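Remember, predicted model here, so these are calculated numbers, not experimental data.
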4 protein chains.
Amino acid sequence: MARIRAAERRAELVAAAVRVIAAHGVDGATTRRIAEEASAPLATLHYCFATKEVLFAAVFEYLAGEYRDVLNRSDVHSDVQNTARGLLRGVLEWYLENPDFGATILELISWGQREGEQAEVVYASAFATMRTILEGTTTAAGRPVSSDMIDQLIYVVSALSDGFALNWLVFTDIAAARVQMELTVGVLDAWMAANLGGAAPSTQPVEITTEPDMRSLVSWVHVD
Amino acid sequence: MARIRAAERRAELVAAAVRVIAAHGVDGATTRRIAEEASAPLATLHYCFATKEVLFAAVFEYLAGEYRDVLNRSDVHSDVQNTARGLLRGVLEWYLENPDFGATILELISWGQREGEQAEVVYASAFATMRTILEGTTTAAGRPVSSDMIDQLIYVVSALSDGFALNWLVFTDIAAARVQMELTVGVLDAWMAANLGGAAPSTQPVEITTEPDMRSLVSWVHVD
Amino acid sequence: MARIRAAERRAELVAAAVRVIAAHGVDGATTRRIAEEASAPLATLHYCFATKEVLFAAVFEYLAGEYRDVLNRSDVHSDVQNTARGLLRGVLEWYLENPDFGATILELISWGQREGEQAEVVYASAFATMRTILEGTTTAAGRPVSSDMIDQLIYVVSALSDGFALNWLVFTDIAAARVQMELTVGVLDAWMAANLGGAAPSTQPVEITTEPDMRSLVSWVHVD
Amino acid sequence: MARIRAAERRAELVAAAVRVIAAHGVDGATTRRIAEEASAPLATLHYCFATKEVLFAAVFEYLAGEYRDVLNRSDVHSDVQNTARGLLRGVLEWYLENPDFGATILELISWGQREGEQAEVVYASAFATMRTILEGTTTAAGRPVSSDMIDQLIYVVSALSDGFALNWLVFTDIAAARVQMELTVGVLDAWMAANLGGAAPSTQPVEITTEPDMRSLVSWVHVD
DNA sequence: AATGAATGAGGCTTCATTCAT
DNA sequence: TATGAATGAAGCCTCATTCAT
């Protein structure tokens, strides 16, 4: 029972940390704020997690787990093109539905990089998850997909979803994001069509029916 | 004369801030560290920049300026495909040559979003720069490019370069990054070929001659 | 148990603040100095009082409490003239015995005025204390005292004691202050005799037996 | 010319200091704020006054001069009672018309006390001014006034005006202050009548025709 | 003579963490 | 086991003052 209580406390704290990081950034995520968000005394936080670093590592693992679940849920068990498209779309929609997660992940990237060690382990499994899913596929024409091509696919899906996430994080315009989602999937499709054989994408080309605020199509990263 | 000295000081401090943010993150970028990096007394920092916030805003503007310069330098004054490809490649190479800039930009994104106000002004001009460049182009076939298509192009270039930057930030493997660069440009080409008419990309398809550590093709963001 | 410790700490800090304010003025009363005076680490001060402002408010309340106690202790339960005289004398003697309190109160007056809000609450109760005491009295002749007269009495007692406190604060000559005390009480008596009916004051007219430094009878406020 | 310019600058800075001290207190009266209030560069302040201490001393002297002028202007050249009453009333009205002066004087009292040395000189001249005026008088009955009585008078006038000033500083209710002014003069008259011979005061007893907010008759110093 | 630039010292506050119960 | 109390280190910022022109 006490064990369960402790595990619950830990989970609450991790969830609170996600929210606080999303709202205040890594540097604004103080132990006090996190404890308060979790309605826990400050000392309890350090009772559950020896160190802030340890807590953040747990947040890290939690988000990684969610990410893996999303990937697995998005596996459509089809040919490589449909599968890759499904993975991409699944990730994008996940970002859309959980804005906190995207923000927190972005915040933790640089933190994780500086921390270094513990992240390495996690990278491999991330790679493994996508790879495992894609290795079970063939092209629409039934040909097997080369290992190299899978790596390239993983990179493209990854880069596109990261780019999308950044935009969605910065602008919060849901309408623009939905358009960008279709556009993003279209980019993947175009690349796969050119590199995985001629099958036309099964999704329609982007049709912007609503006229969203086009300005927000552009990430502010491209500042001048 | 004295003015110049002050302007220099400001520039030094901004440069120091870029380095410190890149190395220690936004939260690790304390005024003390920045001042030390710039070999300036702490009080001098506050003489030049009333507030840490103001300093960061200056860093912001500085990076934005660099970004705009990169874009303008990358304008190949050709048809829309070559121009867009040039912009993308220019940005990617800029990231490659200035790892600090990429890291700092990423770090500042969430900061800038939380700060909010001052970023808005910058977005519009970012849009304008790319747009100005692309509006002067036609397709290889000589047809004009619709305004909507330009917006989509801007988003795609933006998303791809963001995705690339994230990967390059996390892994620091220059060899892998060079491969990813070609791959990224290839993605843009494929999308343009499918959406801007049939002209084949003038760059060769990706040829991975070196065998980079493929694991690092995948951003750890895709953790599981 | 732990609670008691915390309360003690708070009391110690408030007492230290009184001493430091008296010695160094409001602006010289730095958190560091106060903490040092209380033999407490600086951080502890901020654990007990979120803000310097909050600490000063506590000092405020403490002094107010002492003042109220002095007033109540000085209630001679006699006719209005003796009672008012007792209040005035009690306050003056309190100032004489606790020079720190007078200095601190004076220092805090302007601070409290600038802070504004929290003082308002206190005023009403100050009024109430003197009023409660005086309302229970009649004139020596047994006539009731009008509400308006009580207000005037309160002002006169107040102004005289303030004037006395200022002089005592500036000169530190105890001998002169004792003479001034009698003189001050004499002023009140003269006014009451003229306005509350003919009973002669029960104290003798001022007899300056010692020849104090007369220069110090004059507040330096009257500088030229 | 340059000399005049410098003298003007000094006067401006002193006047600015009075305003700033009144508004922000001694501790809030920073060199920067004072310079800004005087529309002068910060360095100019230190060019005109070697030290903040020196500036404040000048403020001190300025206020003392004003005070002396007020006293001299209030000299009615009549018998001792009328003269003393005139002095008191003159001072009270001066406070009423120049709220900044009262606040600044109060702020500077404790500062001056801590600084110590330079104030001593000034005290004597303050004493001298009132004394000079009062020594030229006789009682209404034509009898000379003893030196001791003059000292007592000076103290009473001083204490009453100080008490009045404190109240006026704290409450800013002009209506209440006017009532208190009459009341204060009445107190002096009662005391003089009792101690300087039988002549009834030439002012009417206090008649409160308007019903001011009586609460503000009580200085909050008398807090409980 | 004037004043922008620069700075050491110190202001208040908050942090992550440990202690003591 | 849990948690109020306590704290050293460090955060950002502002002060009065001096320097250099």
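- For B:Phe49, there are no ring-ring contact (aromatic ring centres under 6.0 Å, His included) partners, not counting sequence neighbours.
- Panel note: side chain B:Arg10, backbone B:Cys48; a donor-acceptor pair is recorded below 3.5 Å.
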- Protein-to-nucleotide contact annotation, 5' to 3' order, nucleotides 9-16 of chain E [B base; S sugar-phosphate only; - none; under 4.0 Å, heavy atom]: -SBSBBBB
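- D:Thr44 contributes no side-chain N or O that, together with a main-chain N or O of D:Ala40, makes up a donor-acceptor pair within less than 3.5 Å.
- With values rounded to the nearest 0.5 angstrom, A:Glu12 atom CD is found 12.0 Å from A:Leu45 atom CG.
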- Message: The test is side chain to side chain contact (heavy atoms under 4.5 Å, CB included); show your working for A:Phe101 and A:Tyr62 and say whether it passes.
- Response: CA-CA 10 Å; A:Phe101 286 14; A:Tyr62 168 67; 3.8 Å; yes
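- Taking 4.0 angstrom as the limit, B:Arg10 places none of its side-chain polar atoms (N or O) nearer than this to OP1 or OP2 of E:dA5.
- Looking at D:Glu107 and D:Phe56, their side chains never come closer than 4.5 Å, going by heavy atoms from C-beta outward.
- The phosphate of F:dA2 has neither OP1 nor OP2 within less than 4.0 Å of any side-chain N or O from A:Thr44.
- Using a 4.0 Å cutoff on non-hydrogen atoms, no part of residues 11-25 of chain C comes near DNA chain E.
- The distance from atom CG of A:Leu45 to atom P of F:dT3 is 12 Å, rounded to the nearest whole Å.
- In this structure, A:Glu36 atom CD and F:dT3 atom P are separated by 16 Å, rounded to whole Å.
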Side-chain atoms of residues 20-36 of chain D: list all donor-acceptor pairs with protein atoms under 3.5 Å, sequence neighbours left out, distances to 0.1 Å.
residue	atom	partner	partner atom	Å
D:Thr30	OG1	D:Arg33	N	3.1
D:Arg33	NE	D:Gly28	O	2.9
D:Arg33	NH2	D:Gly28	O	3.1

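- Closest non-hydrogen pair, C:Pro41 versus C:Arg9, comes out as CD-NH2, 4.5 Å.
- For the residue pair B:Val59 and B:Val18, the shortest heavy atom distance occurs at CG1-CG2, 3.9 Å.
- Taking five base pairs at each end of the helix from E:dA2-F:dT21 to E:dT21-F:dA2 and finding the rotation axis that steps the C1' atoms of four pairs onto the next four gives two axes whose angle is 20°, to the nearest 10°.
- In this structure B:Glu37 satisfies the side chain to side chain donor-acceptor pair (under 3.5 Å) test together with B:Arg19, sequence neighbours excluded.
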